[in-house]
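Okay, so here's the structure we're looking at.
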Amino acid sequence: MAVSIGIDELLERVRAGYERVGAREAYEAGRAGEAVLVDIRYAALRERDGLIPGALVVERNELEWRLDPRGSHRLPEATGHGLRAIVICNEGYASTLAAESLHRLGLHRATDLVDGFQAWRAAGLPVVAAPV
């Protein structure tokens, strides 16, 4: 019989498998071209809070299809399995599970932003209004 775990334990286990990044590190990596920032927040949150300049907006339900370097629906930025993708959700929970899913696809450098977009904004990093 399988043992059940709660979401908090699942997040802890997943996060133990890779190094997450803080807002300033994500900003610097994106600015230097060392990583692709991937915003998976849903439209209402992007409209409410704004966008990270230069980040790819990929709905969570499309993430694997868009970043799989071997997939027919991949984005041009999905150049190979060595891609460093920093996944950003609103508060850093959904992005953890998304990064783990990318690891399963072989994107071994995928990670996520600790505390998500809210940490980015709290750090005073650039945000632009979402187009209306």
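In this chain, numbering begins with 1 at the start of the sequence shown.
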Within the structure provided, determine whether [X] and [Y] are in side-chain contact (heavy-atom separation under 4.5 Å).
X      : Y      : answer
Tyr18  : Thr96  : yes
Arg60  : Ser101 : yes
Pro126 : Tyr27  : yes
Val58  : Leu67  : no
Asp112 : Leu97  : no

For residues [X] and [Y], report the shortest heavy-atom separation together with the two atoms involved.
X     : Y      : value
Gly80 : Pro69  : C-CG, 3.4 Å
Leu37 : Ala26  : CD2-O, 3.6 Å
Leu51 : Ala129 : CD1-O, 4.5 Å
Pro53 : Val128 : CG-CG1, 3.8 Å

Same cluster or not: [X] versus [Y], using hydrophobic residues (I, L, V, M, F, W, Y) connected whenever any side-chain heavy atoms lie under 4.5 Å apart?
X      : Y     : result
Val87  : Leu11 : no
Leu107 : Leu75 : yes
Leu56  : Leu63 : yes

Can you check side-chain contact (heavy atoms from CB on, under 4.5 Å) on Arg13 and Ile5, steps first, answer last?
-> CA-CA 10 Å; Arg13 286 182 184 182; Ile5 63 170; 3.7 Å; yes

To the nearest 0.5 Å, what is the distance between [atom1] on [X] and [atom2] on [Y]?
X      : Y      : atom1 : atom2 : answer
Ile86  : Arg84  : CD1   : CZ    : 4.5 Å
Leu83  : His108 : CG    : NE2   : 10.0 Å
Arg48  : Tyr42  : CZ    : OH    : 7.0 Å
His103 : His81  : NE2   : NE2   : 12.0 Å
Cys89  : Ile40  : SG    : CD1   : 5.5 Å
Leu105 : Glu100 : CG    : CD    : 10.0 Å

Residues passing the ring-ring contact (aromatic ring centres under 6.0 Å, His included) test with His73, sequence neighbours excluded, are none

Could you give me the CA-CA distance, side-chain angles and deciding distance for Gln118 and Asn90, then say whether side-chain contact (heavy atoms from CB on, under 4.5 Å) is met?
-> CA-CA 6 Å; Gln118 297 307 320; Asn90 193 49; 2.8 Å; yes

For salt bridge (Lys or Arg N to Asp or Glu O under 4.0 Å), just list the numbers for Glu28 and Arg31, CA-CA rounded to whole Å, side-chain angles, deciding distance to a tenth of an Å, and then say yes or no.
-> CA-CA 5 Å; Glu28 294 296 338; Arg31 192 173 79 161; 3.2 Å; yes

Please lay out, stage by stage, how Glu59 and Arg46 fare under the test salt bridge (Lys or Arg N to Asp or Glu O under 4.0 Å).
-> CA-CA 11 Å; Glu59 296 285 339; Arg46 295 191 310 268; 3.2 Å; yes

Cation over ring, Arg41 on Phe117, under 6.0 Å and within 45°?
-> yes

Kindly determine whether Asp115 and Glu91 satisfy side-chain contact (heavy atoms from CB on, under 4.5 Å), including the steps that lead there.
-> CA-CA 4 Å; Asp115 297 327; Glu91 295 181 342; over 6 Å; no

Exactly one of Asp49, Asp39, Ile52 clears side-chain contact (heavy atoms from CB on, under 4.5 Å) with Trp120, and that residue is Ile52

Is the number of heavy atoms from other residues, nucleotides or ligands within 6.0 Å of CZ (Arg104) greater than 12?
-> no

Go through Val38 and Val36 one step at a time and tell me if the side-chain contact (heavy atoms from CB on, under 4.5 Å) criterion holds.
-> CA-CA 6 Å; Val38 184; Val36 174; 3.9 Å; yes

With sequence neighbours excluded, residues passing side chain to side chain donor-acceptor pair (under 3.5 Å) with Arg74 | none

Taking only Lys NZ, Arg NE, NH1 and NH2, and the carboxylate oxygens of Asp or Glu, determine whether Arg15 and Glu19 approach each other closer than 4.0 Å.
-> no

